[in-house]
Amino acid sequence: INAEYGGHNRATMASKGGPDLRRYMDKRLSLKLNGSRRVTGVLRGFDQFMNLVVDETVEEVSASERNEIGMVVIRGNSVITVSYTHLRAHETPEHLVCRLLLEKKKKKNKINRSETPL
């Protein structure tokens with residue numbers, strides 16, 4: 001697991017043939033695991049076997065049931081897919097919608113200001 005967790009240097013992992021997950025560090029991911037399990041959380045570390053350290057982890061049992069399980073280590077051989085959720089580490093889905101709407105509004109205002117003659 002990476003240098004923060006007493007393991008290998010992150011910069012050398014990709015060169016050793018392991019996964020290159022550096023761009024997803026400290027980002028919220030959605031993981032599909034074997035046994036039809038799903039979890040989301042913030043990637044804090046990984047190793048060449050794709051063992052993952054995931055923080056703020058939430059197990060999605062069903063559409064209506066979610067369990068907050070905190071920081072976990074997930075064995076690489078149980079990971080089926082890894083998806084980036086576009087949520088920042090502290091955001092909920094509701095926060096994401098608000099942030100995207102505000103960014104769209106700012107972009108629109110910026111375009112309108114640049115088109116307005118002086």
Side-chain angles (χ1 to χ4, degrees):
I1 304 188
N2 72 33
E4 294 176 358
Y5 295 95
H8 300 90
N9 181 336
R10 279 191 254 167
T12 62
M13 277 190 253
S15 64
K16 291 183 179 182
D20 188 9
L21 299 173
R22 289 176 287 182
R23 65 181 153 185
Y24 300 112
M25 288 295 295
D26 301 317
K27 297 212 174 19
R28 188 168 297 280
L29 302 177
S30 177
L31 304 167
K32 182 178 177 186
L33 308 175
N34 62 8
S36 300
R37 295 174 294 171
R38 287 191 172 275
V39 296
T40 59
V42 179
L43 182 64
R44 298 294 188 205
F46 61 94
D47 66 9
Q48 70 270 24
F49 304 110
M50 208 167 135
N51 295 317
L52 307 174
V53 176
V54 183
D55 196 10
E56 302 173 26
T57 309
V58 177
E59 177 187 23
E60 300 168 5
V61 179
S62 66
S64 61
E65 185 180 355
R66 297 165 49 104
N67 298 323
E68 293 183 18
I69 53 178
M71 185 176 282
V72 297
V73 175
I74 299 173
R75 288 190 53 172
N77 64 350
S78 66
V79 177
I80 296 171
T81 62
V82 177
S83 304
Y84 176 56
T85 66
H86 298 284
L87 289 174
R88 294 181 178 158
H90 63 281
E91 285 183 320
T92 64
E94 294 80 17
H95 288 125
L96 173 65
V97 171
C98 291
R99 178 172 55 86
L100 293 176
L101 288 172
L102 286 172
E103 288 174 2
K104 184 176 180 180
K105 185 176 179 180
K106 285 180 185 178
K107 192 178 207 181
K108 187 177 180 181
N109 288 340
K110 187 176 182 180
I111 291 170
N112 288 341
R113 277 188 255 131
S114 65
E115 292 175 354
T116 305
L118 294 175

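The basis for the numbers below is simple: all heavy atoms, side chains too, and nothing from hydrogens, waters or symmetry mates. Numbers here are sequence positions counted from 1.
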Colleague: List the atom of Leu52, the atom of Leu21, and the distance in Å for their closest heavy-atom pair.
Modeller: CD2-CD1, 3.6 Å

Colleague: Please give me the minimum heavy-atom distance between Arg28 and Tyr84, naming the atom from each residue.
Modeller: O-CD1, 3.6 Å

Colleague: How many angstroms lie between OG1 in Thr40 and CD in Glu59, if you round to the nearest 0.5 Å?
Modeller: 10.5 Å

Colleague: Report yes or no: do Met50 and Met25 belong to one cluster of Ile/Leu/Val/Met/Phe/Trp/Tyr joined by side chain heavy-atom distances under 4.5 Å?
Modeller: yes

Colleague: Sub-3.5 Å donor-acceptor pair from the side chain of Thr57 to the main-chain atoms of Met71, do we have one?
Modeller: no

Colleague: Can you see which heavy atom on Ser30 is nearest to which on Arg38, and at what distance?
Modeller: OG-NH1, 4.2 Å

Colleague: Are Val79 and Ile69 co-members of a hydrophobic cluster defined by side-chain heavy atoms under 4.5 Å apart?
Modeller: yes

Colleague: Closer than 3.5 angstrom, by distance alone: can the side chain of Asp47 be matched with the main-chain N or O of Phe49 as a donor-acceptor pair?
Modeller: yes

Colleague: Minimum heavy-atom separation for Val58 and Glu68, please, with both atom names.
Modeller: CG2-CG, 4.1 Å

Colleague: What's the verdict on side chain to side chain contact (heavy atoms under 4.5 Å, CB included) for Leu31 and Val54, showing C-alpha distance, side-chain angles and the deciding distance?
Modeller: CA-CA 10 Å; Leu31 304 167; Val54 183; 4.0 Å; yes

Colleague: Nearest 0.5 angstrom please: Lys107 NZ to Glu103 CD, how far?
Modeller: 9.0 Å

Colleague: Run the side chain to side chain contact (heavy atoms under 4.5 Å, CB included) check on Val82 and Tyr24 step by step: do they pass?
Modeller: CA-CA 10 Å; Val82 177; Tyr24 300 112; 5.6 Å; no

Colleague: Give the C-alpha distance, both sets of side-chain angles, the deciding distance and a yes or no for salt bridge (charged side-chain N to carboxylate O under 4.0 Å, His left out) between Arg44 and Glu56.
Modeller: CA-CA 10 Å; Arg44 298 294 188 205; Glu56 302 173 26; 3.5 Å; yes

Colleague: Could you pull out all residues at least two apart from Arg37 that satisfy side-chain hydrogen bond (donor to acceptor under 3.5 Å, both in side chains)?
Modeller: Asn34

Colleague: Do the side chain of Asn51 and the main chain of Phe46 share a donor and acceptor less than 3.5 angstrom apart?
Modeller: no

